[in-house]
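Quick notes on the structure that follows.
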Amino acid sequence: MKKLLTLFLFPLLLAGYTPEELAAARQLLAEWSALPAKLAGTPAEFQLSSWEATLVRRELKKELPVEELDVPLLARFRRDCERGLAWREKSLEVTIPRLSAPPRLDGAIEPGEWASARRFEGEYRISETAKLPGRDSTRWYIGRYGNTLYVAASFDKEEPLAVYSDRYDGDRTRLIFQGDAFECMIRPELPYTLYLESIVNPEGKLWNLLHVRNDSGSQYRFADDFRAGLSAAARRSERGFTVELAIPLAALFGGWLSPDADAPFSFILIRTNRMKEGYFQSSPAPILYDSHNLSGYIRAKFE
């Protein structure tokens, strides 16, 4: 019996996938045409516009037997869809306080400067609902002074930091967010889904991009170097690194031109982790799939 099982599994293992992955890939192909209707209006709908979905469509266009396609990719995509259908987490709703004074952007998070900020503790790995063990020391801060939004974070790391500096205009082999870094995604609550992505590495290099998601859910990046007065600082230490970021609100949304404007918005803060075990992202609140999944952002209003 053992010999027969080995003879059955060997071709699959040689092909680079398991029997379970092959079964999931076959099921995905069988339900592919009905998938948009199945996912519509659910947290899993984001997957249809993801980069992974693009890769799946490329595979299906080959019109080959399923065994000759990228079976692990198809299986993973179906598993992620099922994860979204089972997702029950609601977006956090918070009030962003006004700071008593503007923090000095030097990469050092002084308790007095951030005492009145909204603070989050710990980390959630993307698409998970339980806090990561061993990350209790992580701190995230956000607050407003005048017409500027201030954000900060403090991360510990026992392993050496992976500091990458490339952007899309470089060779793209070591993009900033592929190493250890901090990201802030902020989206004004408007009929169109414009949002800002700010990325800071442990050496304080800042990269700002503007994105929009169209009606079909596809992400379109239309500004690779959006500056408009944004500034950041970071500090490395033996324990990890800290980051401070200042975002002039009016540069992002005209409705915030007045210091007293209180238009609601949504945001997510992200830590990108380059570890021995591999790469992953984490955040101060549960979010499904990806930092570009706008429906999972923290919903906020100003104090």
Side-chain angles (χ1 to χ4, degrees), residues 41 43 46 87-103 105 109 111-124 126 129 131 138-154 182-200 208-213 217 219 226 228-232 243-271 282-303:
F46 174 84
W87 188 261
R88 296 292 181 267
E89 293 293 315
K90 302 295 184 182
S91 296
L92 285 182
E93 296 185 5
V94 302
T95 298
I96 305 302
R98 295 182 182 270
L99 305 177
S100 57
L105 261 64
I109 300 178
E113 291 181 326
W114 294 93
S116 56
R118 178 67 165 84
R119 188 176 78 175
F120 303 90
E121 300 179 359
E123 301 176 36
Y124 294 85
I126 296 296
T129 58
K131 281 191 174 182
T138 296
R139 298 289 183 270
W140 320 72
Y141 305 86
I142 183 168
R144 177 181 182 176
Y145 183 83
N147 208 21
T148 301
L149 186 68
Y150 290 92
V151 187
S154 173
F182 167 75
E183 292 188 16
C184 174
M185 322 284 280
I186 177 171
R187 173 203 167 198
E189 292 291 344
L190 299 172
Y192 57 93
T193 51
L194 172 79
Y195 61 105
L196 169 71
E197 177 181 16
S198 295
I199 313 168
V200 189
N208 301 301
L209 307 95
L210 280 179
H211 306 271
V212 69
R213 297 195 73 84
Q219 172 198 340
F226 181 76
L230 283 83
S231 56
V243 173
E244 293 179 308
L245 172 68
I247 304 172
L249 293 173
L252 181 60
F253 172 40
W256 285 325
L257 284 172
S258 165
D260 296 323
D262 59 358
F265 65 101
S266 60
F267 72 96
I268 196 67
L269 307 177
I270 296 290
R271 177 182 183 178
S282 49
S283 64
I287 182 172
L288 183 64
Y289 295 136
D290 187 83
S291 59
H292 294 275
N293 183 6
L294 303 183
S295 64
Y297 282 16
I298 298 170
R299 305 185 187 281
K301 62 180 180 180
F302 292 115
E303 187 177 70

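Fair warning: this is a prediction, and the values are worked out from it, not measured in the lab.
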Check: In terms of side-chain geometry, is the basic nitrogen of Arg139 or Glu121 positioned less than 4.0 Å from the acidic oxygen of its partner?
Finding: yes
Checklist line | Counterpart residues, side chain to side chain donor-acceptor pair (under 3.5 Å), relative to Glu93 (two or more places apart) | finding: none
Notebook entry, point to check: Who passes salt bridge (Lys or Arg N to Asp or Glu O under 4.0 Å) against Arg118, sequence neighbours left out?
Noted result: none
Checklist line | pair Ile298-Leu269: side-chain heavy atoms closer than 4.5 Å | finding: no
Item checked: Side chains of Tyr297 and Ile186 in contact at under 4.5 Å (non-hydrogen atoms) -> no
Next item on the list: Find out whether Phe265 and Leu249 are in side-chain contact, i.e. whether some heavy atom of one side chain is under 4.5 Å from a heavy atom of the other.
Entry: no
Item checked: Rounded distance (nearest 0.5 Å) linking atom CD of Glu197 with atom CD1 of Ile268 -> 12.5 Å
Notebook entry, point to check: Roughly how far, to the nearest 0.5 Å, is the OH atom of Tyr145 from the OG atom of Ser116?
Noted result: 11.0 Å
Check: To the nearest 0.5 Å, what is the distance between OG (Ser283) and CZ (Arg271)?
Finding: 12.0 Å
Note to self: With a 3.5 Å distance limit and no angle check, can you tell me whether Arg88 reaches the backbone of Lys90 through a side-chain donor-acceptor pair?
What the structure shows: no
Check: With sequence neighbours left out, what residues match Glu183 under side chain to side chain donor-acceptor pair (under 3.5 Å)?
Finding: none
Check: Does Arg299 have any side chain to side chain donor-acceptor pair (under 3.5 Å) partners at least two apart in sequence or in another chain, and if so, which?
Finding: none
Notebook entry, point to check: CD1 of Ile142 to OH of Tyr150: how many Å apart, nearest 0.5 Å?
Noted result: 13.0 Å
Margin query: To the nearest 0.5 Å, what is the distance between NZ on Lys301 and CD1 on Ile96?
Written below: 11.0 Å
Side chains of residues 285-292: which donor-acceptor pairs under 3.5 Å do they make with residues two or more places apart or in other chains?
from: Tyr289; atom 1: OH; to: Asp80; atom 2: O; distance (Å): 2.6
from: Tyr289; atom 1: OH; to: Gly84; atom 2: N; distance (Å): 3.3
from: Asp290; atom 1: OD2; to: His292; atom 2: N; distance (Å): 2.7
from: His292; atom 1: ND1; to: Tyr195; atom 2: OH; distance (Å): 2.7

Check: CG/Leu294 to CZ/Phe46 distance, rounded to the nearest 0.5 angstrom?
Finding: 7.5 Å
Margin query: Could you report the tightest heavy-atom contact between Trp140 and Ser282, atom names first, then the distance?
Written below: CH2-O, 4.0 Å
Next item on the list: Just jot down the ring pair (Phe, Tyr, Trp, His ring centres under 6.0 Å) partners of Trp114, sequence neighbours excluded, or say none.
Entry: Tyr141
Checklist line | Partners passing side chain to side chain donor-acceptor pair (under 3.5 Å) against Ser295 (at least two apart in sequence or in another chain) | finding: Asn293
Margin query: Which residues pass the side chain to side chain contact (heavy atoms under 4.5 Å, CB included) test with Ser231, not counting sequence neighbours?
Written below: Leu105, Ala246
Note to self: If the condition is salt bridge (Lys or Arg N to Asp or Glu O under 4.0 Å), which residues does Glu89 pass it with, not counting sequence neighbours?
What the structure shows: none
Check: Going by heavy atoms in the side chains, are Phe267 and Leu149 under 4.5 Å from each other?
Finding: no
Item checked: Set of side chain to side chain contact (heavy atoms under 4.5 Å, CB included) partners for Pro264, sequence neighbours left out -> Glu189
Next item on the list: With sequence neighbours excluded, tell me which residues meet salt bridge (Lys or Arg N to Asp or Glu O under 4.0 Å) with Glu244.
Entry: none
Checklist line | Residue list, side chain to side chain contact (heavy atoms under 4.5 Å, CB included) with Phe226, at least two apart or on another chain | finding: Leu196, Asn208, Leu210, Ala223, Ala228, Leu230
Notebook entry, point to check: How far apart are the C-alpha atoms of Phe120 and Thr138, what are their side-chain angles, what is the distance that settles it, and do they pass the side chain to side chain contact (heavy atoms under 4.5 Å, CB included) test?
Noted result: CA-CA 8 Å; Phe120 303 90; Thr138 296; over 6 Å; no
Next item on the list: Specify the closest pair of heavy atoms between Val200 and Ala232, including all atoms of both residues, with the distance to one decimal.
Entry: CG2-CB, 3.8 Å
